[in-house]
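First comes the structure, then the notes that go with it.
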Amino acid sequence: MAGVKLSHVYKEFDKGNFAVSDFSLETGEHEFVVLVGPSGCGKSTTLRMIAGLEDITAGEIYIDGKLVNDMEPKNRDIAMVFQNYALYPHMTVFDNIALSLQIRHVPKDIIRERVMAVAETLGISQYLNRKPRALSGGQRQRVALGRAIVRQPKIFLLDEPLSNLDAKLRNQMRTEIIKLFHALGTTFIYVTHDQVEAMTMATKIVVMSDGLVQQIGSPREIYHHPSNVFTAGFMGSPQMNFFERCPLERKDGQYTLTFLGTRFLLPQEKQQQLSQKNVQSGEVIVGVRPEDIRLATQEDDDKVSALLEVSEMLGNEVLLHMRKAQESFIIRVPEFEDARFSQVGVAETTLELAIALSKIHLFDAETRVNLI
Amino acid sequence: MIDQQKQSRLKRNRKHTPWQMSMRYILLCLGLLIMVIPMVYMVSSSLKPNDIAFSYPIRLIPTAQEATLSNYDYVLHQKNFFTYVGNTLIVATATTVFSAALSSMLAYCISRFRFPGRNLLYSIIITTMLIPGLAMLVPQFELAVTFKLVNNLWGVILFYTAWVTPFSTFLIKGFIDNIPRELDEAIYMDGGTVFTIYRRVMLRMASPSIAAVSVFNFLFAFEEVGWSQTILKKDELRTLPVAITQFFQAHNRTDWGYVFAMTCLAMIPVILIYVLLQRYFISGLSSGAVKG
Amino acid sequence: MSTRFSRAKSFFKRKDNIRMLALLFPGLAVIGLFTFYPIIKMFVMSFFDWKIGYQQVSQFAGLMNYAAVFSDKAAGIAIANTFYYMLLTVPLQMIIGLLVALMINGIRRFTVTFRLMYYLPVITSWVVVALLFRNIFSNQGLLNYFLMDVLHVTNDPIGWLSTRWPALTATSLLGIWKGIGWNMVIFLAALQAIPGEYYEAASIDGLNRRQQFFRITLPNIKGTILFSLVMLIIGAFNTYTPIMVMTGGNPAHQTEVVLTWLYYQTFSVSGKMGYAAALSFLVTAIISVLAVLLFKVFSPQKEERKS
């Protein structure tokens with residue numbers, strides 16, 4: 001059981017071009033860390049640096065307290081699951097799982113015992129004599145996991161392991177990986193571009209973009225307190241609605257915000273937070289999650305009317321694509337609320353909306369960082 | 001693999017009129033006649049006595065009274081015939097094994113590592129592919145003299161290996177380029193070295209291409225004449241193709257029955273290899289060619 | 001993603017570098033010593049009146065050897081013959097090979113049988129088939145018999161191998177006959193690699209068979225055509241055995257090709273090695289220029305596709 005520590009790690013892949021810049025992270029001993037970000041953000045490179053497949057341009061990586069910068073992968077006590085499984089087509093499932101032990105000259109009977117145990121855990125015992133070609137995607141994925149588990153490493157690295165599976169299998173394997181994480185009690189570092197995987201599996205999420213860490217935190221923190229516009233937009237589906245260049249005014253100690261053609265007095269909690277940070281009048285970016293806008297009722301004060309363009313029926317809920325002047329945005333409402341919206345494409349209706357002001361996010365227009 | 005099968009099945013489902021179909025079969029069969037008649041003629045001539053081999057009318061299939069194995073008998077009792085066969089098999093096998101080893105190692109390194117001089121090495125390999133082996137006759141002969149390789153089977157084996165290795169490397173490299181790097185990396189992370197990767201991944205995964213180039217290298221070494229006749233001057237060192245040309249000249253270029261008996265015998269190993277390994281003739285060659 | 005970066009640059013550590021060198025070295029040594037060094041040597045020799053053997057002094061000859069090659073009528077004939085052989089064999093075996101591949105690709109049964117049989121000449125040794133064709137084209141051979149006694153086109157046997165152009169044509173026919181199978185196999189593989197969806201889409205778009213061939217099939221096998229073209233041109237310049245066996249360069253060096261002429265100059269006459277080296281170098285230059293030209297002609301589209 002061990003943790004990983006990266007401090008100010010850089011990876012330069014061309015002169016002056018950095019795949020990863022100033023990456024720092026410290027994990028606990030039993031933690032599921034997910035590196036998430038769009039493709040090309042440097043998450044895989046970071047993982048490969050931890051694995052030792054990629055040299056580090058600057059900075060230090062520690063595994064279990066030991067500096068591993070110059071240590072070969074095989075001595076780092078890590079195992080990795082690759083995106084395309086990296087199974088050897090000419091070997092049986094048994095040999096695929098046993099290979100790493102065979103290379104290390106582990107006695108045959110011990111290999112047998114450990115492979116059997118792993119196969120048992122993953123429910124692939126009956127396939128041990130097959131070749132990978134004869135397996136389904138999910139089974140191959142299990143074999144790939146088995147190959148990592150059999151080494152009994154301190155750290156598991158997983159590079160987009162589920163991206164080749166179809167949606168249903170992906171959900172299923174997600175649960176199984178979580179179970180495995182609890183059973184093994186070690187640290188998992190998991191790379192994905194899928195924010196759903198990040199939210200559901202992680203104990204700690206690292207959001208990356210352009211080689212830079214945008215935010216590190218628990219799924220809850222990341223979702224409710226995104227540190228900047230990028231994180232706010234990346235996590236959550238459908239994406240958070242952003243309204244650019246909205247005037248925020250501070251007058252007599254009171255903050256008012258104008259967006260969607262309406263002037264809002266911010267609720268008490270936001271007022272306090274803003275004045276604590278001593279935020280001055282200026283233009284801000286307003287972020288509102290789709291579920292924080294609802295259809296207005298009689299009692300609501302600040303109603304916003306907008307045009308319904310398209311409605312998407314998702315089953316238990318409906319996504320309404322709205323437009324007001326130049327701004328288009330999406331709201332998410334429960335399906336039972338209004339039967340009208342469950343029909344596809346009922347367009348050109350004007351709806352009255354209410355915004356949960358206590359849940360909106362305010363970002364600096366220049367730095368795009370969360371103001372609160 | 002599965003996709004390919006699916007595709008070819010899809011293609012087979014394309015509609016064809018019966019007329020088109022039968023035209024294709026007819027044309028293919030006509031072509032086949034042109035391909036096969038010379039071969040049949042060779043075999044049948046080898047079964048005819050020399051004096052009637054050229055008698056008119058020429059019959060493709062000898063009659064039962066004509067047919068004789070005397071030509072084969074004569075050839076098989078030639079002094080050194082089996083020595084020629086042995087020499088050729090030694091040369092072809094050694095060339096095949098050496099070039100398979102050398103080219104797969106080179107291909108692996110060129111495909112996977114960025115070492116200084118890599119591009120230079122690869123361009124040298126491409127360039128040497130372009131040059132006919134015999135075009136370097138003079139300097140190579142001098143080299144052979146220097147290393148005392150004249151009248152020495154090694155003189156043939158080493159030069160053949162050097163001639164075929166560039167192209168083999170080129171083909172195998174193309175194949176290895178398509179093997180996912182994750183497979184090497186997985187072994188590397190598990191504690192394997194470069195050797196482990198070469199042995200466990202490359203030799204196994206690239207085996208179709210290695211087998212394909214091996215088949216071609218074997219055939220090349222089995223039939224080469226120019227260099228072999230230059231280097232191997234002693235009769236007991238001759239390889240079969242050279243021996244055949246010598247035999248042909250020694251028999252006043254007329255005793256075709258003997259000559260064809262000998263060529264038929266020379267084809268037996270090739271046909272055997274062809275039948276046993278036929279899938280490699282096709283798969284490996286095409287893997288390099290389709291990519292271009 | 002990370003595939004963009006050169007992973008291998010520093011992928012392996014010191015010990016592995018030594019291991020990699022161990023894998024590289026044998027191949028490097030053999031190619032370097034037995035092909036690369038001779039190429040350089042050949043280039044050097046082409047400027048000398050090169051002598052082989054004891055106590056022989058090779059005199060620097062400047063461009064004398066090249067001048068000799070250029071003024072030598074026989075060398076010109078050999079080069080012209082090689083080009084004749086190339087121009088006849090390369091396009092014809094490609095076209096026939098492609099046609100056979102198209103037909104085999106279009107039938108359902110016996111595809112393997114056809115493939116195996118058409119491939120048979122490819123695997124047969126050059127010496128064997130050259131002797132066979134020498135017999136077939138000889139005065140009392142199968143071809144003359146066919147022309148005289150079956151078709152009655154002529155009353156006297158035609159001396160196919162005793163005059164320059166018929167002899168070269170006979171040799172070229174051998175080259176075509178032997179090469180069809182090879183072309184068929186690589187084109188068949190290329191055809192089978194074209195996704196069936198392309199044809200389905202094309203037939204829905206209303207392209208007829210001809211249009212499908214020119215708009216879908218040909219563009220998709222372009223890489224293979226280039227590959228085949230380069231290989232066949234190299235092969236045409238590599239021609240030695242068929243000429244040696246079928247004509248021996250006779251009559252009077254009229255049917256020599258580059259390699260047979262080179263061989264003759266090196267060993268049969270009083271060892272004109274410098275001359276042979278100069279000729280070799282010229283041949284190498286010709287092949288390289290042809291190869292580079294081909295890649296130039298074919299590559300612009302390739303780059304477009306990449307970007």
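Letters A, B, ... mirror the listed sequences (proteins, then strands); counts begin at 1. Just so we're clear, the structure is a prediction, and the values are computed from it rather than from any experiment.
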Donor-acceptor check, side chain of B:Q140 to backbone of C:F34, threshold 3.5 angstrom: yes or no? yes
Using side chain to side chain donor-acceptor pair (under 3.5 Å) as the criterion, list what pairs up with C:Y275, not counting sequence neighbours.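 Applying side chain to side chain donor-acceptor pair (under 3.5 Å) to C:Y275 gives C:D72, C:W261.
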Tell me, for C:L28 versus chain B, whether the close heavy atoms (under 4.5 Å) come from the side chain, the backbone, both or neither. both
Over all heavy atoms of both residues, which pair between [X] and [Y] is shortest? Give the atoms and the distance, please.
X: B:M21; Y: C:G106; result: CE-O, 3.1 Å
X: B:Y25; Y: C:R108; result: OH-N, 3.5 Å
X: B:M39; Y: C:L132; result: N-CD2, 4.3 Å

Engaged part of [X] at the chain C interface, taking heavy atoms whose separation is under 4.5 Å:
X: B:L137; value: side chain
X: B:L149; value: side chain
X: B:I124; value: side chain
X: B:L240; value: neither
X: B:F260; value: side chain
X: B:C29; value: both
X: B:I34; value: both
X: B:F147; value: side chain

Stepwise, does the side chain to side chain contact (heavy atoms under 4.5 Å, CB included) test hold for B:M35 with C:L120? CA-CA 8 Å; B:M35 291 288 127; C:L120 201 58; over 6 Å; no
For B:F115, give me all partners under ring pair (Phe, Tyr, Trp, His ring centres under 6.0 Å), at least two apart in sequence or on another chain. none
